[in-house]
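Take a look at the structure set out below.
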Amino acid sequence: MPENLSEQLTDTMPVSEAAAPAAQSDDDGVDIRFTDLNLDGRVLAALTDVGYEKPSPIQAATIPALLDGRDVVGLAQTGTGKTAAFAIPALSKMAELADVNGGPSKFTQVLVLAPTRELALQVADAFTSYAKHMDGFTVLPVYGGSPYGPQLQGLRRGAQVVVGTPGRVIDHIEKGSLDLSNLEYVVLDEADEMLRMGFADDVEKILSSTPDEKQVALFSATMPPAIRRIAKKYLNDPAEISVKGKPTTGTNPRQRYLQVMGPHKLDAMTRILEVEDFDGIIAFVRTKAATEDLADKLRSRGFSAAAINGDIPQQQRERTVEALRDGKIDILVATDVAARGLDVERISLVVNYDIPNDTESYVHRIGRTGRAGRSGDAILFMTPREKYLLRSIEKATRQPVEQMQLPSTAKINELRLAKFADKITKTLAGEDVALFRDLVATYEREHDVPAAEIAAALAVMAQNGQPILVQDIPVAPAGQRERSEGRKDAFGSRGPTRTLTEGNATYRIAVGRRQRVMPGSIVGAIANEGGISSAQIGGIDIRADHSLVELPADLSKDQLRALSRTRIGGELIHLELDKGRKPAGTRGSGDFKKPFKKDFQKRDGDSRFSGDANRKPRSAKGAGAGSGRSNAQSEQW
Ligand code: ADP
Ligand code: MG
């Protein structure tokens, strides 16, 4: 790797573009194609199938080094295409090896370690798609919180590529089901996150049970000292490749979040539209149905909005985007998929009406504004319990997300009245009002009503049934307010809500402050061992010697069994339904048990965010306890 090339690459990655390596072709100044990289034809064909046009900067820099057989440390932020950076050369080499040996090896040749189940699955999916034209190649994900049976079967059948979470990989090594003696290539993906989740010891343990002669690649968004130490110990004279984003000033959108309960999002949105200076807007929602729904509602409130989603035919979508570009509409309501790659200079504001599924989507969303060097704004709606996601967003964008306040009722009303007056002035100046002046004069005479009264009636008519003044929006609907303002630690970082979401129940676990548990380690343990998406984990209330956790009421027997055996920091958590013991010192604690109307849309499925939420050391205890993580606990992985 010539130095000047990595230098050159270093400057070419604006943060707002980071989620879309493909979108860089115009301005990255690096002109390397996949066909220049000496890759196997089958891999190249697969890249064409998935639609990659050219390597992203981190790929262009690391693929040659890895093909050369060097160990590599690759540093680049989320969404820069790190997976393909290690998967493509690995597969290309294996394809060529298979040719030499007259067929693919039966042994596991590539092992990728990833911090969470979701990431392991993502990486496995990526490998599978790049290996599409390689006959006889199998990619197997192995992760905690799911039965051993299928994984054991898969391993017995043989998989050239195994992608796993550290704990589960160790389990398979110890069970003898994973044979690493023929390993050629090990990847530590998202190394900093693995460290953050307390996997340093596991990773080292795995690395030390691999053959000496192997290639190691370490990919990470950041390089904390502990990762540097691992790199130094286990990597052999690695090529260090770092692709930095542009300084995060200038073209990066300003990010704000607004805390708002689900039912009030629409009102919040309209208020923001009234006070914000905007040109074009794109509002992101989670589902296709929601795009139509929100666009309709905005139109009925007088905004020019249109929906785009994956169900709308391509041609019509293009027309809608054209209309936005031409200023015929101002607001585009879109799903993430429909807005991929959208490049409309006019978009000055991105509203995350529904929270995105992961940080990558978020980065991609806000990248729709601030195009062509213009500045942009991004606003994120979040319910109190979604607030814990802010950290991962700030990390991914390397920029703070400021809290914004909903424009006050008084401010909105003041603005509306001023606008109304303004409209009168403009109409008087611009339009020919002679006909209406006569009409009013006649009415005044015939009905003996003062002109001011008539004008007032006309104003009401002009409003067309819409009230001119807005009403207050409650911060939280009655009955859903936080019941214990001032209690800081209640429900920790999982949001302050002290009411149960419908379908949830309160469970009790036998670890609390005394065992020094953190919300992150509770979420991590329960999500992984119970096979529960961390989005399904509600409030967490850490008390002196136990904690209360809000979980789906209908946990299966298997989940309950697994969770009763789970350990956090070495301690069995003995998860059980909370038998109605009133949470001490809480007023109205009866409500704590009563299901409330769903006040926010639950995100389903696992996500990168969920992963992030877990990314805390799994044990808050001292190093001794942390490194001595029990077997039972490592089974979670
Ligand atoms: P990272 O691991 O750096 O966070 P990923 O490997 O998950 O990033 O890639 C982010 C996205 O970019 C994925 O959707 C991936 O399919 C896409 N991608 C990766 N490389 C390319 C490329 N060369 N061209 C187009 N898209 C790409
Ligand atoms: Mg990655």
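Atoms within each ligand, like the ligands themselves, are counted from 1 in listed order.
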Inset, instruction - Indicate if the distance from the Mg ion (ligand 2) to the nearest N, O or S atom of Glu190 falls below 2.8 Å. - result: yes

Legend entry - Heavy-atom check, side chain of Asp189 versus side chain of Leu113, under 4.5 Å: no

Legend entry - salt bridge (Lys or Arg N to Asp or Glu O under 4.0 Å) pairs, two or more places apart, involving residues 218-235: Glu204-Arg229, Glu204-Lys233, Arg228-Glu240

Legend entry - Atoms of ligand 1 close to Thr80 [distance to a heavy atom under 4.0 angstrom, numbered from 1]: 1 (P), 3 (O), 8 (O)

Inset, instruction - Check Leu155 against Leu178 and note the closest heavy-atom contact, atom names and distance. - result: CD2-CD1, 3.8 Å

Inset, instruction - Look only at interatomic distance and state if Tyr130 has a nitrogen or oxygen under 3.5 Å from any nitrogen or oxygen of ligand 1. - result: no

Inset, instruction - Please could you name the atoms of ligand 1 that Gln77 approaches to less than 4.0 Å, counting only its heavy atoms? - result: 3 (O)

Legend entry - Value rounded to 0.5 Å, distance of CZ in Phe34 from CG in Leu39: 7.5 Å

Inset, instruction - Below 4.0 angstrom from a heavy atom of Thr83, which ligand 1 atoms are there? Numbered from 1 as shown, please. - result: 2 (O), 5 (P), 6 (O), 7 (O)

Legend entry - Sub-4.0 Å heavy-atom approach of Glu360 to ligand 1: yes

Legend entry - Donor + acceptor pair across side chains of Tyr362, Gln255 (<3.5 Å): yes

Legend entry - Pair listing, side chain to side chain donor-acceptor pair (under 3.5 Å) test, anchored in residues 86-95, at least two apart: Lys93-Gln215

Inset, instruction - Examine ligand 1 and decide if any of its atoms is less than 4.0 Å from a heavy atom belonging to Phe34. - result: yes

Inset, instruction - Decide whether the shortest distance between a heavy atom of Ser56 and an atom of ligand 1 is less than 4.0 Å. - result: yes

Legend entry - Numbering as shown, the atoms of ligand 1 that approach Lys54 to under 4.0 Å (heavy-atom distance): 22 (C), 23 (N), 24 (N)

Legend entry - Pro166 to Ala114 - nearest heavy-atom pair and separation: CD-O, 3.4 Å

